[in-house]
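Lettering follows sequence order; numbering is per chain, from 1. Since the model is a prediction, treat every value here as computed from it, not as a measurement.
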Protein chains: 2
Amino acid sequence: MMQMSNQEPTKSENCQCRQDLGELFDHRFFKALCDPGRIALLVRLANCSEPCSVSQIAECCPVDISVVSRHLAMLRDAGILDAQKRGKEVYYSVRCSELAKLLQTMADAIKACCPDKDSKTKDTNHE
Amino acid sequence: MMQMSNQEPTKSENCQCRQDLGELFDHRFFKALCDPGRIALLVRLANCSEPCSVSQIAECCPVDISVVSRHLAMLRDAGILDAQKRGKEVYYSVRCSELAKLLQTMADAIKACCPDKDSKTKDTNHE
DNA sequence: TGTATATTTGCACAATGATGCAAATGAGCA
DNA sequence: TGCTCATTTGCATCATTGTGCAAATATACA
């Protein structure tokens, strides 16, 4: 999941949100991040400049390493993390660009739904 | 929750993400949106230009109205929706500005963590 | 006050999710 | 091949969550 499907806002209406909000806001993405432990893993990896192995990540976690492994796999399946195998170890890292882009797209979509355009709409369809 | 706490990136380091990612990414926010039914409610309300009552919203939902009421309350408690009572009815609407701002802040925070600054960093700390 | 409508809440039950342990799988190395 | 380490997976258990029904609460109105 988390395919970005780079679709421009159609701006056929002055409300751009009627099109694809349901697809953009995928509950699986939010489900992946609804657990405090998984959030912690994301933060841990985001603060890390390099990919980290499961063991390295699990060092600072109070839970069993199998739990960490499962959580990392969930974040990977949600498109939030990237995993690459080097030897016996699996190195996880945050898919920063994709994640940032998705959040940005969500922010823009919600912004486009604002009834009062106080948030400085960049496409001012003046009429 | 969902207090925005308008803190500027400190940019003391070239990685701005080390500060408050853990607070910014609140699992309660994601938990509120991890259910497909609640996502549908958010989309429904975002597509609506005006606030809608619980009954109006529940009309297009396959679940009991009590479930809708509970879901709306969860989204309200998460800071995603606004509720205001008019007579016997409670009208819900999306807190567009706040929601967009939160998503934007998250996007920026993740963007700042990108190891390769391919995503057009707006604050180019050139060195 | 009594009635009707809108919404919320208590409760029970089913479904889902998180966790730890142990076993299995995969990869490097002697 | 046999051994070791890293990671994943099966399984059982416990906790959390979603759901619907019924009752309770809140508000408007006759």
*Asks:* Could you please name the option among C:dG20, C:dT7, C:dG17 that lies closest to any side-chain atom of A:S66?
*Replies:* C:dG20

*Asks:* Between B:S53 and A:M74, which has a closest nucleotide on DNA chain C that is more 5'?
*Replies:*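 Final value for this comparison: B:S53.
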
*Asks:* Nearest whole Å is fine: how far is D:dA6 P from A:I57 CD1?
*Replies:* 14 Å

*Asks:* Just how far, in rounded Å, is P of D:dT9 from CZ of A:R76?
*Replies:*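 Going from CZ in A:R76 over to P in D:dT9 covers 8 Å.
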
*Asks:* Decide yes or no on side chain to side chain contact (heavy atoms under 4.5 Å, CB included) for B:L102 and B:I80, but give the supporting numbers first.
*Replies:* CA-CA 10 Å; B:L102 174 61; B:I80 296 167; over 6 Å; no

*Asks:* Under 4.5 Å between any side-chain heavy atoms of B:I65 and B:S55, yes or no?
*Replies:*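 Yes, at least one pair of side-chain atoms sits under 4.5 Å.
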
*Asks:* Rounding to a whole Å, what distance do you find between B:R28:CZ and D:dT16:C1'?
*Replies:*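 These atoms are roughly 17 Å apart.
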
*Asks:* Side chains of B:Q84 and B:Y92: does their closest heavy-atom pair fall under 4.5 Å?
*Replies:*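 B:Q84 does not reach B:Y92 side chain to side chain.
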
*Asks:* Any N or O donor-acceptor pair under 3.5 Å from the base of D:dG20 to the side chain of B:R70?
*Replies:* yes

*Asks:* For C:dT19 and A:H71 - does any side-chain N or O of the residue sit under 4.0 Å from the phosphate oxygens OP1/OP2?
*Replies:*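 Result: yes.
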
*Asks:* Give the rounded distance in Å between these two atoms: CG of B:D64 and P of C:dA12.
*Replies:*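 Taking CG of B:D64 and P of C:dA12, I get 18 Å after rounding.
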
*Asks:* Could you check whether any side-chain heavy atom of A:P51 comes within less than 4.5 Å of a side-chain heavy atom of A:R86, counting everything from C-beta outward?
*Replies:* yes

*Asks:* Measure CD/B:Q84 against P/C:dA6 and give the value in whole Å, please.
*Replies:* 18 Å

*Asks:* Between C1' on D:dA6 and CG on A:L72, what's the gap in Å once rounded to a whole number?
*Replies:* 13 Å

*Asks:* Could you please name the option among D:dT17, D:dT8, D:dG20 that lies closest to any side-chain atom of B:K31?
*Replies:*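 Within the option list, the nearest is D:dT17.
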
*Asks:* Would you mind building the protein contact string for nucleotides 24-30 of chain D? One character per nucleotide, 5' to 3', B for base within reach (heavy atoms under 4.0 Å), S for sugar-phosphate only, - for untouched.
*Replies:* --SBS--

*Asks:* OP1, OP2 of C:dT8 versus side-chain N and O of B:Y92: anything below 4.0 Å?
*Replies:*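 Result: yes.
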
*Asks:* Compare all side-chain heavy atoms of A:Y91 with those of A:D82 and state whether any distance is below 4.5 angstrom.
*Replies:* no

*Asks:* Please tell me which of the listed nucleotides, C:dA6, C:dC21, D:dG20, lies nearest to the side chain of B:E89?
*Replies:* C:dA6

*Asks:* Side chains of B:P36 and A:H27: does their closest heavy-atom pair fall under 4.5 Å?
*Replies:* yes

*Asks:* Rounded to whole Å, how long is the line connecting atom CG of B:L75 with atom P of C:dT7?
*Replies:*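 Roughly 16 Å, once rounded to whole Å.
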
*Asks:* Between B:Y91 (OH) and C:dA6 (P), how many Å, whole number?
*Replies:*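 Rounded to the whole Å, the gap is 10 Å.
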
*Asks:* Side chains of B:V94 and B:C48: does their closest heavy-atom pair fall under 4.5 Å?
*Replies:* no

*Asks:* Among D:dG18, C:dA6, D:dT7, which is the nearest nucleotide to the side chain of A:V90?
*Replies:*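 Output: D:dT7.
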
*Asks:* Among C:dG20, D:dG20, C:dG17, which nucleotide sits nearest the side chain of A:V63?
*Replies:*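 Nearest to the side-chain atoms of A:V63, counting from C-beta on, is C:dG20.
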
*Asks:* Do A:R44 and A:C52 touch side chain to side chain, with heavy atoms closer than 4.5 Å?
*Replies:*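 Heavy-atom side-chain distance check passes, below 4.5 Å.
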
*Asks:* Is any side-chain nitrogen or oxygen of A:R38 closer than 4.0 Å to OP1 or OP2 of C:dA18?
*Replies:* yes

